[in-house]
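Taking it in order: structure first as structure tokens, then the write-up.
Values below: all heavy atoms of this structure, side chains included; hydrogens, waters and symmetry mates excluded. Quantities reported herein were computed from a predicted structural model and do not represent experimental measurements.
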Number of protein chains: 2
Amino acid sequence: MIEYTKCSSNNECVEIIKNAVRNKELTIIFGKCTVDYQGRAASKLTEGERFVIIKQDGAIIIHRPIGYSPVNWQPSTSVIEVVERDDRVVLTAIRNKPREIVWVYFSEIYGIIHGKLVDQGEFVMYMDEHEIRDILYENPELIEKGLRIIEKEKPIGNGYADLFGIDKNNVPVIIEIKRISASRDAVLQLFNYVKIYENKTGVKPRGILVAPNFTSSAIESIHKLGLEYKEINLQLLWKYKKAREIRHGTLLEFLAKKK
Amino acid sequence: MIEYTKCSSNNECVEIIKNAVRNKELTIIFGKCTVDYQGRAASKLTEGERFVIIKQDGAIIIHRPIGYSPVNWQPSTSVIEVVERDDRVVLTAIRNKPREIVWVYFSEIYGIIHGKLVDQGEFVMYMDEHEIRDILYENPELIEKGLRIIEKEKPIGNGYADLFGIDKNNVPVIIEIKRISASRDAVLQLFNYVKIYENKTGVKPRGILVAPNFTSSAIESIHKLGLEYKEINLQLLWKYKKAREIRHGTLLEFLAKKK
DNA sequence: GCCTAGGTCCCGTTT
DNA sequence: AAACGGGGCCTAGGC
């Protein structure tokens, strides 16, 4: 399933890597290398010990021994080439759109892992902005009493307002949601939608920024630009979600029993 | 330097991983697992074959067999715990600020890589925004004739304008630079600085967005908000940089000879 | 194809 | 410690 090889020669390494890549196996190469990159920007990395991951779809990730972030990479590339040149194993990864190339020059390869991994697992993310938006869509009273939500992801200009509704006085309300902390750029995003809406319809809407917390300059900007903000509690939202699920659950059970 | 072990029992796996982590070795575990995450958001990943990287500083990266992005992770964590529980090897990674926990439950471990990598290499990035800003700082004529740059990274409000200068008519100019493509949010960023500057000084500055290209809605917004834009050519900038380096080089040689 | 916006973004920098 | 902005950001979703 997963094999580890300590190669005795560059030639052997090249063959193993080539085969693994051709068979779309996960491949990880451990060794001493330099790395060059050229594309949207350009970079050079002088010699050191690293590992290079080649994923089953051709994505390439080069990691140094510390840190979360890879030092160089290539998302799922069209062409991966492995050759020996000047006593080095050279790995070249090319993608177009944007046109970018990564070169890895191994002066030494300590070992190669390769093999096929099978992963049909399902990944579910909870409490991302999408989910928060849906909960607020279902429970607009969490934002303001008497608010009716009309539309999710309403196109305004070239962008999208997270929520669009009408308040108890029939004034349109544009709502921008941030999942964690709202900073000045979120205010500007909201302001932009408010302005475009006003320009297009001639009606001045309210703009409400909704988030669990706000930077001080965000609140400052909100006041200056004539906007509003509403603090929400994520745990409370979570409870609303759970309550709804239970209602749904009960309904499903009810229907099942009926049948 | 790098060792690969196929463990025969969970107990052996736990010992190997514990030791490797304690010795701050790079560790990669290949196996079948489920993953839970809870923190700023939350996620669940059902069973499948993956590999878990534990870096020498405690960063943890969990990769599925395809794709550039890890499915779960933990940047350099404070606490990593490995135990056997219910016939599974359980890896827990905890960090505070923000408080986040990742749990990996291995039902099967195929193999473990571990060892110390030494990497003193130097990484240099070229043509990032910083470098482009410096070239424009030295060559303001690339933006506009008669423009004098006064300041890089000028603090305006709580943020920073990339460049700040004075045009040939002594009107202040705020410049926002984008390295690749400027979109509407770059326009809003610039607009924000222009507004704050105007509010603070009572003088209305010009705002120029500088980039190699612009989205259509960026240009639309620029016009609506009374701002300006200037297209630059990165290759031309590169030539200017090279020319300057040669001048510096010559100067250095000159000084060396003098001495 | 472009464009918009989110991300457990991460990361460096500055206050 | 908070805040701000860049990133080769990547990735998903719309048009």
Heavy-atom neighbours of K44(B) NZ exceed 12 at 6.0 Å: no
Under-4.0 Å side-chain N/O to phosphate OP1/OP2 contact, S69(B) with dC10(D): no
Phosphate-side-chain proximity, K178(B) and dG6(D), N/O vs OP1/OP2 below 4.0 Å: yes
Heavy-atom closest contact (D162(B) atom, I177(B) atom, distance): OD2-N, 2.7 Å
Interatomic distance where CG belongs to D162(B) and P belongs to dG6(D) [whole Å]: 6 Å
Phosphate OP1/OP2 of dA2(D): any K97(B) side-chain N/O under 4.0 Å: no
Aromatic stack Y68(A)/dC10(C): centroid gap under 5.5 Å, interplanar angle under 30°: no
First encountered from the 5' end of DNA chain C, between V102(B) and N192(A): N192(A)
Below 4.0 Å: OP1/OP2 of dG6(C) and any side-chain N or O of R133(A): no
Geometric class of the F191(A)/F191(B) ring pair [parallel <30°, tilted 30-60°, perpendicular >60°]: parallel
Sugar-phosphate, base or nothing in reach of V71(B), heavy atoms under 4.0 Å: base
side-chain N/O W73(B) vs dC10(C) OP1/OP2, d < 4.0 Å: yes
Rounded distance (Å) that lies between atom P of dC9(D) and atom CG of D185(B): 13 Å
dG14(D) pyrimidine/purine six-ring stacking with Y160(A), under 5.5 Å and 30°: no
Under 4.0 angstrom between T215(A) side-chain N/O and dA2(D) OP1 or OP2: no
Contact under 4.0 Å: R179(B) side-chain N or O vs dG7(D) OP1/OP2: yes
Plane angle bin for H63(B) and F51(B) - parallel if under 30°, tilted between 30 and 60°, otherwise perpendicular: parallel
Between P of dC10(D) and CD1 of I66(B), the distance in whole Å: 17 Å
Integer-rounded Å distance: dG6(D) P and L188(B) CG: 13 Å
Integer-rounded Å distance: dT15(C) C1' and K154(B) NZ: 16 Å
Rounded distance (Å) that lies between atom C1' of dT8(C) and atom NZ of K44(B): 15 Å
Exceeds 12 heavy-atom contacts within 6.0 angstrom, atom NZ of K24(A): no
Sugar-phosphate only, base, or nothing, as touched by Q189(A) at under 4.0 Å among non-hydrogen atoms: sugar-phosphate
Sugar-phosphate only, base, or nothing, as touched by E129(A) at under 4.0 Å among non-hydrogen atoms: sugar-phosphate
Range-with-range stems of DNA chain D (Watson-Crick or G-U pairs under 3.5 Å, three or more in a row): C:1-7 with D:9-15, C:9-15 with D:1-7
5' priority, DNA chain D, between R184(A) and S76(A) [closest heavy atom]: R184(A)
Spacing between Q74(A) atom CD and dG8(D) atom P, to the nearest angstrom: 13 Å
Other residues, nucleotides, ligands: >12 heavy atoms within 6.0 Å of I66(A) CD1: no
Other residues, nucleotides, ligands: >12 heavy atoms within 6.0 Å of Y229(B) OH: no
Heavy-atom donor-acceptor pair, N72(B) side-chain to dT8(C) base, under 3.5 Å: yes
Side-chain N or O of R95(B) closer than 4.0 Å to phosphate OP1/OP2 of dC10(C): yes
More than 12 heavy atoms of other groups within 6.0 Å of I166(A) CD1: yes
Heavy-atom neighbours of K195(A) NZ exceed 12 at 6.0 Å: no
Stretch residues 53-65 of chain A: residues that reach within less than 4.0 Å of DNA chain D through a heavy atom: none
Distance, nearest 0.5 Å, that separates CD1 of I196(B) from CD of E198(B): 11.5 Å
Touch class at under 4.0 angstrom, heavy-atom based, for Y193(B) against every strand present: sugar-phosphate
Sugar-phosphate, base or nothing in reach of G39(A), heavy atoms under 4.0 Å: nothing
Touch class at under 4.0 angstrom, heavy-atom based, for S216(B) against every strand present: sugar-phosphate
Separation of atom CD in E153(B) from atom P in dT15(C), rounded to whole Å: 10 Å
Side-chain N or O of R40(A) closer than 4.0 Å to phosphate OP1/OP2 of dG7(D): no
Heavy-atom side-chain proximity of L209(A) to L227(A) below 4.5 angstrom: no
Touch class at under 4.0 angstrom, heavy-atom based, for M125(A) against every strand present: base
Atom CD of Q38(A) with >12 non-hydrogen neighbours under 6.0 angstrom: no
